[in-house]
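Reckoned from all heavy atoms, side chains included, excluding hydrogens, waters and symmetry mates.
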Amino acid sequence: YKRQGVDYALLYPTYGLVVTALGETEVRRACAHAFNRYYAEVWGAHRDRLEPVAAIPMFTPEEAIAELDHAIGELGLKSVMMAGVIPRSVPGAEDVRGAQWIDCIGHDSEYDYDPVWKRCQELGVTPTFHAGGQGWGTRMSRTSYVFNHIGNFAAAGEAACRSLLLGGVPQRFRDLTFAFLEGGVAWGLNLYADTLGHWEKRNRDAITHYDPAQLDRGQLEKLFQEFGPAAVTERLDRLDDGLFMLSDPGEARDQIDEFAESGIESAEDVKRVFEEQFFFGCEADDPMNALAFNRAISPHRARLRAIFASDISHWDVPDIREVLPEAWELVEDGHLDEADFRAFVCDNVAAMLQGTNARFFEGTVVDGKLAG
């Protein structure tokens, strides 16, 4: 790593993706236990430069906390990789392999994961999410890996991020930072802008603009009679058929505020979470990384925290010597300045890790060289 220009690296495990996705509970927990012990032993002598990352299964809060205590509390690891999307069997169809729904462990989850976030806070570890979306929706080609692979990590990261946001997790745990790996940052900017758009039009006050109870039916029918064509005026007794498609006067009033669980009270709350608590893992060769630094196109001039990643040992890195130069191309092409580049490859990841554990880099080769 040093020879390719990287002073210090976190080793997010590819096989950890398998460990955290195993369906059999006993096997999954045993494999996570063994995998993390192996990782700690193999990289133990090199942790001044290379930090192994523990694989934490998330099918239940209990198993996640147990492995956090083992990997962090007993083995002394400092970083974790979790799946933010958990496949669950559809009730009554447990034996049907394809009958699954995706639990995103935040909003509308089958379990309360707050004890997990609390334990992360106590242990000083950043919840970092990595999972695949291959096999979801249209990513189900029977012949093409490329068809299924494009955008799949972004889909899984976006699902986890959106669920945590609307589930109110970052609002309840403001001392935690959260990262979403290998999907880039373009989806993050889209989610940020889309959330603001929905907040503006559908917050608990704005949504009353569309309340069917406030519709003046008499005036509406009068206007139809006066200005409507015969095809409409002859069928005014069917007015409800047209109105109720998009509005339900019998909707539960206690469910109208869809932002209640999120704890969001303003657009500034959304901006704060995306700028201060959310981090987005980006591949070095992704030209969309520049979007994170472009305040001119971002609502409220937000700047998202893109973090550099290499994906070394995978097919998308045929030559490890090209990783850092590929990231630098954004500077050469005028999309980032040198301060942006430092933030991308260094300062943002330092903020992510030190935001949860101020002593994260003690004893490493970058100790004392990073901003506090």
Side-chain angles (χ1 to χ4, degrees), residues 85-94 96 98-112 133 135-141 151 154-156 158-169 171 187-271 273-274 299-300:
V85 288
I86 305 298
R88 310 241 189 240
S89 296
V90 174
E94 287 80 4
V96 181
Q100 294 183 326
W101 64 282
I102 302 298
D103 185 346
C104 299
I105 69 174
H107 167 72
D108 205 22
S109 177
E110 190 169 279
Y111 294 92
D112 177 10
W136 295 8
T138 58
R139 292 186 177 86
M140 299 178 69
S141 170
E158 192 273 348
C161 183
R162 175 163 37 97
S163 181
L164 293 173
L165 177 70
L166 292 181
V169 175
Q171 288 289 82
W187 69 261
L189 187 60
N190 180 80
L191 178 60
Y192 167 64
D194 212 357
T195 301
L196 286 173
H198 280 72
W199 165 259
E200 180 182 354
K201 304 292 181 21
R202 295 187 66 89
N203 67 66
R204 63 175 172 263
D205 297 321
I207 196 67
T208 61
H209 178 71
Y210 312 105
D211 188 348
Q214 297 192 43
L215 178 64
D216 187 337
R217 291 290 296 267
Q219 178 68 10
L220 180 62
E221 291 182 20
K222 179 182 177 181
L223 291 172
F224 274 133
Q225 289 282 9
E226 184 175 353
F227 298 106
V232 173
T233 58
E234 293 172 359
R235 296 172 176 82
L236 283 181
D237 60 327
R238 296 173 58 187
L239 183 59
D240 284 349
D241 294 346
L243 294 177
F244 290 173
M245 176 184 175
L246 297 176
S247 63
D248 180 6
E251 184 176 15
R253 308 300 290 185
D254 62 351
Q255 296 178 12
I256 290 175
D257 182 4
E258 295 186 80
F259 285 91
E261 184 187 10
S262 72
I264 293 170
E265 295 289 341
S266 65
E268 188 59 34
D269 283 344
V270 179
K271 181 184 180 186
V273 169
F274 274 85
H300 301 283

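Every residue meeting the side chain to side chain contact (heavy atoms under 4.5 Å, CB included) condition with A159, not counting sequence neighbours, appears here in chain and number order: V85, C104, W136, R162. When the side chain to side chain contact (heavy atoms under 4.5 Å, CB included) test is applied to E110, the partners found at least two apart in sequence or on another chain are R88, W101, D103.
Taking a cutoff of 4.0 Å between a charged side-chain nitrogen and a carboxylate oxygen, D211 and R253 qualify as a salt bridge. With respect to R202 and D257, no salt bridge is recorded, no charged nitrogen being found less than 4.0 Å from a carboxylate O.
Side chain of S163 to backbone of G106: a donor-acceptor contact under 3.5 angstrom is found. In terms of modelled atom types and a separation under 3.5 Å, the side chain of K271 and the main chain of H300 share a donor-acceptor contact. At least one donor-acceptor pair closer than 3.5 Å links the side chain of Q171 to the backbone N or O of G263. Checked by atom type and distance alone, the side chain of E234 never pairs as donor or acceptor with a backbone atom of V232 at under 3.5 Å. Looking at D269, its side chain does come within 3.5 Å of a backbone N or O of E265 through a donor-acceptor pair.
Separation of atoms CG (L191) and NE2 (H198) is listed at 10.5 Å; rounding is to 0.5 Å. Atom CD of Q219 is separated from atom CZ of F224 by 11.5 Å, given to the nearest 0.5 angstrom.
Within a 6.0 Å radius of CD in E258, other residues, nucleotides and ligands contribute 12 heavy atoms or fewer.
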